[in-house]
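Below is one structure; the comments refer to it alone.
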Amino acid sequence: MGTTKLCLNGILLVSFLQCAALINKKYILSSVTCKIEDADPFDEAVKNNFERIEYKRCSTLQPLTWVAYNERSQYYQLHINWTGFRQYLRMDLDLTAPLTSSPRCCYMAVERLTEQNIGLGENCEQFSSGVQLPNSTIGFIVQCYAQGKRIYTNGHATVPEQQQVRERLKQWVNRRKGKQSALSVLLIGIDSVSRQQLMRAMPMTKQQLESSGWFELAGYNKVAANTLPNLLPLTTGYNRSSVMSLCDPREELGLKRCKFIWKLYQELGYVTAFGEDDTPINTFNLNMRGFRSVPVDYYLRPYLMAAEQWLDVKIGDSQTCLGFHHASEHVYEYALEFTRRYLNDSFFGFFWTNTHSHGGSISRTTVMDEYMREYLNRLRNYGILNRSIVFFLSDHGLRAGPTWQTPLGWLEDRLPFLYIWLPPHLQQSHPEFVQSLRVNRQRLTSPYDLYVTLKHILRIGSPNHLKDLLGDAVDCLSCQSLLLPVPINRTCADAGISDHWCACRSYYRYSTLSDRDYIMAQLLVQHVNSLYNNYHNSKFVSRCEPLTLVNITKTYLGRRHTADNPTISLHRIQVMMMPTFSTYEGTIWYNSSSQEMQVTGVSRIDKIKPNCHDEQFRIKICSCR
Ligand SMILES: *[C@@H]1O[C@H](CO)[C@@H](O)[C@H](O)[C@H]1NC(C)=O
Ligand SMILES: *[C@@H]1O[C@H](CO)[C@@H](O)[C@H](O)[C@H]1NC(C)=O
Ligand SMILES: *[C@@H]1O[C@H](CO)[C@@H](O)[C@H](O)[C@H]1NC(C)=O
Ligand SMILES: *[C@@H]1O[C@H](CO)[C@@H](O)[C@H](O)[C@H]1NC(C)=O
Ligand SMILES: *[C@@H]1O[C@H](CO)[C@@H](O)[C@H](O)[C@H]1NC(C)=O
Ligand SMILES: *[C@@H]1O[C@H](CO)[C@@H](O)[C@H](O)[C@H]1NC(C)=O
Ligand SMILES: *[C@@H]1O[C@H](CO)[C@@H](O)[C@H](O)[C@H]1NC(C)=O
Ligand SMILES: *[C@@H]1O[C@H](CO)[C@@H](O)[C@H](O)[C@H]1NC(C)=O
């Protein structure tokens with residue numbers, strides 16, 4: 001009886017089987033305004049796409065060089081293991097020829113020329129073990145030669161003392177005198193990992209998080225399609241279109257005008273760092289101009305560009321090696337070095353990796369599971385978790401590949417994972433934060449909330465005058481700090497999430513089409529055409545043929561929530577368009593009383609998605625006239 005009622009309540013036209021399936025579903029959260037399904041990560045539809053892949057070392061040889069910070073001299077030293085050379089000599093040289101001289105090694109300092117260009121010092125500086133490295137750069141490429149052949153190449157990133165940073169830190173310690181010392185903040189992000197994907201591909205990491213007191217936010221919902229428009233709200237409080245008009249990243253000086261959260265931290269006495277692997281697709285660089293001058297105190301990009309150019313790059317199906325390490329490890333290890341160097345100070349570090357998770361495979365990330373679990377352990381063992389608030393997160397779920405095409409893929413795309421760590425002393429002094437995070441595990445949250453949280457952290461234990469300075473996220477004024485309880489009846493609109501990206505509503509499929517479906521399909525075609533017409537200030541309009549409807553491939557109706565307005569319904573419709581035969585899915589809002597319709601968002605969902613950027617746009621998205 002109870003179940004029958006549940007099924008009839010607010011749900012249109014479900015068959016008995018659909019109804020039974022619905023009752024068995026588990027939910028991450030279930031309120032009168034939002035129901036987010038807690039789907040099985042090993043659903044039948046995706047099981048066959050998944051396998052565990054073993055971590056492979058990038059080289060069977062041991063690296064010969066390493067760097068270490070010398071506390072006394074306050075410089076890094078570059079060390080070399082001469083006895084390790086034998087193994088390299090055997091590899092590269094003819095053993096029968098006697099060595100005429102011992103190997104010689106030299107290093108080159110990486111120099112940032114522009115955001116897109118790097119240089120390496122004038123010449124390769126010969127050195128012997130223990131040499132002091134200059135404090136003017138964070139990256140070095142090392143080469144060793146024997147008998148005229150290069151037998152060894154490696155790269156090292158460092159976090160050298162910077163006088164102006166040290167002065168800033170000191171000055172703020174004085175200003176905060178008597179108050180609690182400022183909290184450090186570390187963000188570690190992995191691209192394209194949904195909450196379900198974390199369970200599936202990184203069970204050891206997940207277990208470590210669950211068993212060591214991290215707080216999960218299971219209803220963390222993305223607000224836009226890909227990385228940049230999800231990280232902009234998190235780092236600026238603005239959505240993509242606002243950023244495009246305020247500080248257009250396609251202009252040389254564009255991003256300089258954006259008030260990124262790390263700037264705010266820097267102005268309030270923090271040392272800052274930013275690192276991201278796979279430099280050609282970096283969040284702020286892909287088809288954009290990036291940062292004219294370095295955005296933070298320690299900027300990893302120039303070093304990684306050099307490493308990508310000079311070290312052995314091996315791009316396998318399942319893992320990307322950069323020299324002796326997986327490409328992502330360069331970022332993770334740098335993050336550790338940065339936080340260890342400034343352990344007793346106030347730091348803000350933002351670190352992001354793409355290489356082991358980006359793309360259409362749900363298996364590749366399994367490679368890094370054990371490393372990631374150990375990494376979390378190291379954060380604890382090094383004392384970092386004692387001092388800092390840590391955010392471990394992703395930006396969205398998978399956005400390509402066979403899993404993405406399934407109903408589970410639709411949900412996962414929208415729900416990236418998010419965990420938050422609070423240091424023990426903060427948990428003690430602010431038990432209400434702990435209480436809030438426990439509650440918020442099952443609440444609808446978004447990247448705008450994270451932005452407000454990052455501002456809230458600056459205010460904890462800081463002088464009162466900061467209050468006015470630290471407002472809300474401009475493009476989501478109803479968004480809030482995650483250290484305060486989020487209302488259970490929050491809607492996607494409240495959290496700055498459009499209906500198209502909202503995971504609060506599930507949909508069921510129907511196949512008997514009505515006139516209304518064709519009207520919606522035509523509306524979607526018009527919508528996509530208008531997006532293209534406006535693209536790059538109409539640069540391509542005259543050269544593109546407009547898209548036209550081929551057919552409707554799938555139709556869905558949104559299930560109702562108790563608090564929904566009965567005249568409004570939500571629809572998802574997939575259509576194929578000519579002349580490109582591309583498939584789009586749109587979410588459409590419909591008022592049955594006025595018969596008004598509105599497209600709330602659209603995704604291109606072809607199996608093989610073209611890389612639709614800039615010049616390629618003309619060829620791939622539309623057909624040329
Ligand atoms: C130097 O290399 C040798 C041979 O690979 C190795 O056994 C030894 O542990 C290395 N020493 C150091 C200090 O890394
Ligand atoms: C490097 O060290 C020298 C000598 O201590 C100092 O004068 C210089 O300012 C330092 N460079 C930076 C970037 O802090
Ligand atoms: C931090 O402070 C501790 C205790 O005073 C000290 O042992 C440690 O070396 C300091 N670490 C850094 C990186 O300054
Ligand atoms: C963390 O802090 C606690 C209490 O102050 C201390 O006992 C512990 O040694 C610290 N852990 C590390 C790894 O520094
Ligand atoms: C971005 O935010 C502005 C101002 O809040 C709003 O008018 C606009 O519709 C938003 N754009 C998108 C794409 O959400
Ligand atoms: C949520 O609940 C609060 C308090 O019960 C109420 O004031 C608010 O209007 C509700 N919001 C929605 C969207 O239902
Ligand atoms: C839509 O049109 C395409 C191309 O003509 C065809 O392959 C596909 O089967 C059609 N789908 C439906 C649902 O009619
Ligand atoms: C739906 O249409 C009716 C009739 O025009 C109108 O009164 C109502 O405000 C509309 N609802 C919404 C949510 O726009």
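Keep in mind that what you see is a predicted model, and the values were worked out from it rather than measured. The chain is numbered in sequence order, starting from 1.
- Shown here are the salt bridge (charged side-chain N to carboxylate O under 4.0 Å, His left out) partners of D40, two or more places apart in sequence or in another chain: there are none.
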Check against side chain to side chain contact (heavy atoms under 4.5 Å, CB included), M597 and H571
CA-CA 10 Å; M597 289 176 188; H571 303 256; over 6 Å; no
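- The side-chain heavy atoms of S194 and M199, taken from C-beta on, include no pair separated by under 4.5 Å.
- For N239 (side chain) and D475 (main-chain N/O), no donor-acceptor pair under 3.5 Å exists by modelled atom type.
- Contact of the I190 side chain with the H356 side chain is registered, since non-hydrogen atoms from C-beta on lie closer than 4.5 Å.
- Counting heavy atoms of neighbouring residues, nucleotides and ligands inside a 6.0 Å radius, atom OH of Y238 does not exceed 12 of them.
- Evaluation of the side-chain contact (heavy atoms from CB on, under 4.5 Å) rule for C476 yields Y448, S478, C479 as partners, not counting sequence neighbours.
- Per the SG-SG cut-off, C502 and C492 are bridged by a disulfide [distance under 2.5 Å].
- Of the charged side-chain nitrogens involved, at least one lies within less than 4.0 Å of a carboxylate oxygen, so that D564 and R505 count as a salt-bridged pair.
- A pairwise comparison of heavy atoms in H500 and G601 identifies ND1-O, 3.3 Å as the closest pair.
- Summarising the geometry, atom OG1 belonging to T445 is positioned 8.0 Å from atom CD1 belonging to I420; distances are rounded to the nearest 0.5 Å.
- For L524 against I573, the heavy-atom pair with the smallest separation is CD2-O, 3.8 Å.
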Start with the C-alpha distance between S603 and W501, add both sets of side-chain angles, then the distance that settles side chain to side chain contact (heavy atoms under 4.5 Å, CB included), and finish with yes or no.
CA-CA 10 Å; S603 305; W501 300 121; 3.3 Å; yes
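- The main-chain N or O of R490 is found under 3.5 Å from a side-chain atom of T33 such that the two form a donor-acceptor pair.
- The shortest distance between side-chain heavy atoms of N354 and E276 falls below 4.5 Å.
- Counting heavy atoms from C-beta on, the side chains of M520 and T555 never come closer than 4.5 Å.
- The distance from the CG atom of L415 to the CG atom of L217 is 12.0 Å, given to the nearest 0.5 Å.
- Here the options are F351, F350, Y451, the test is ring pair (Phe, Tyr, Trp, His ring centres under 6.0 Å), and the partner is W262; only F350 passes.
- When all heavy atoms are compared, the tightest approach of T227 to H396 is OG1-NE2, 3.5 Å.
- The shortest non-hydrogen separation linking I362 to T403 is CD1-OG1, 3.5 Å.
- The distance from the CG atom of N282 to the CG atom of D277 is 7.5 Å, given to the nearest 0.5 Å.
- When ring centroids are compared, F260 and F274 stay outside the 6.0 Å threshold.
- Within the 4.5 Å cutoff, side-chain heavy atoms of L198 are placed close to those of L209.
- Judged purely by atom type and a 3.5 angstrom limit, N221 has no side-chain atom pairing as donor or acceptor with the backbone of S446.
- A salt bridge links R200 with E412; the closest basic N to acidic carboxylate O contact falls under 4.0 Å.
- Between the side chain of D395 and the main chain of D191, no donor-acceptor pair closer than 3.5 Å is present.
- For the pair M576 and F581, the tightest heavy-atom approach, listed with the atom from each and the gap, is SD-CD2, 3.9 Å.
- Counting heavy atoms of neighbouring residues, nucleotides and ligands inside a 6.0 Å radius, atom CG of D515 does not exceed 12 of them.
- For the salt bridge (charged side-chain N to carboxylate O under 4.0 Å, His left out) condition, the pairs that include at least one residue of residues 215-241, sequence neighbours left out, are R195-E216, K206-E216, E216-R441, K222-D413.
- Between the side chain of Q405 and the backbone N or O of I605 there is at least one donor-acceptor pair closer than 3.5 Å.
- Within the 3.5 Å criterion, the main-chain N or O of Q480 finds a donor-acceptor partner in the side chain of D449.
- Side-chain contact between S514 and D517: present, with at least one pair of heavy atoms (C-beta onward) separated by less than 4.5 Å.
- For A45, the side-chain contact (heavy atoms from CB on, under 4.5 Å) test picks out D43, T406, with sequence neighbours left out.
- Annotation: the span from F391 atom CZ to T453 atom OG1 amounts to 6.0 Å, rounded to 0.5 Å.
- Without hydrogens or angle criteria, N551 side chain to T553 main chain gives no donor-acceptor distance under 3.5 Å.
- I36 CD1 to I28 CD1: the interatomic distance, rounded to the nearest 0.5 Å, is 5.5 Å.
- Here L232 contributes atom CG and C258 contributes atom SG; the two are 7.0 Å apart, rounded to the nearest 0.5 Å.
- Legend: residues meeting side chain to side chain donor-acceptor pair (under 3.5 Å) with S394, ordered by chain and number and at least two apart, are absent.
- In this structure, Y419 and W214 have perpendicular ring planes: the angle between them is above 60°, well past the 30° mark.
- In summary, the side chains of T587 and D499 do not present any donor paired with an acceptor at a separation below 3.5 Å, with no hydrogens or angles considered.
- Between L483 and L437, some side-chain heavy-atom pair lies under the 4.5 Å cut-off.
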L234 and L454: CA distance, side-chain angles, deciding distance, side chain to side chain contact (heavy atoms under 4.5 Å, CB included) verdict
CA-CA 9 Å; L234 194 164; L454 290 172; 4.1 Å; yes
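- Summarising the geometry of A473 relative to V452, their closest heavy-atom pair is N-CG2, 3.7 Å, with the distance given to 0.1 Å.
- Residues N285 and T279 have side chains that never bring a donor and an acceptor to within less than 3.5 angstrom of each other.
- Side chain of R364 to backbone of T355: a donor-acceptor contact under 3.5 angstrom is found.
- A ring pair (Phe, Tyr, Trp, His ring centres under 6.0 Å) with F392 is found for exactly one of W352, F215, Y220, F417, namely F417.
- For the side chain to side chain contact (heavy atoms under 4.5 Å, CB included) criterion with E251, the lone passing option out of R257, M288, R289 is R257.
- Residue pairs meeting the salt bridge (charged side-chain N to carboxylate O under 4.0 Å, His left out) criterion with at least one member in residues 580-601, sequence neighbours excluded: R572-E585.
- In this structure, H561 contributes its side chain and C504 its backbone to a donor-acceptor pair below 3.5 Å.
- In this structure, the side chains of H456 and I460 come closer than 4.5 Å at one or more pairs of heavy atoms.
- Remark: side-chain polar atoms of R459 are not paired, donor with acceptor, to backbone N or O of K455 under 3.5 angstrom.
- Remark: K263 NZ is packed, more than 12 non-hydrogen atoms of other residues, nucleotides or ligands lying under 6.0 Å away.
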For the pair W589 and L570, evaluate side chain to side chain contact (heavy atoms under 4.5 Å, CB included) and give the outcome as yes or no after the intermediate values.
CA-CA 5 Å; W589 172 98; L570 276 169; 4.0 Å; yes
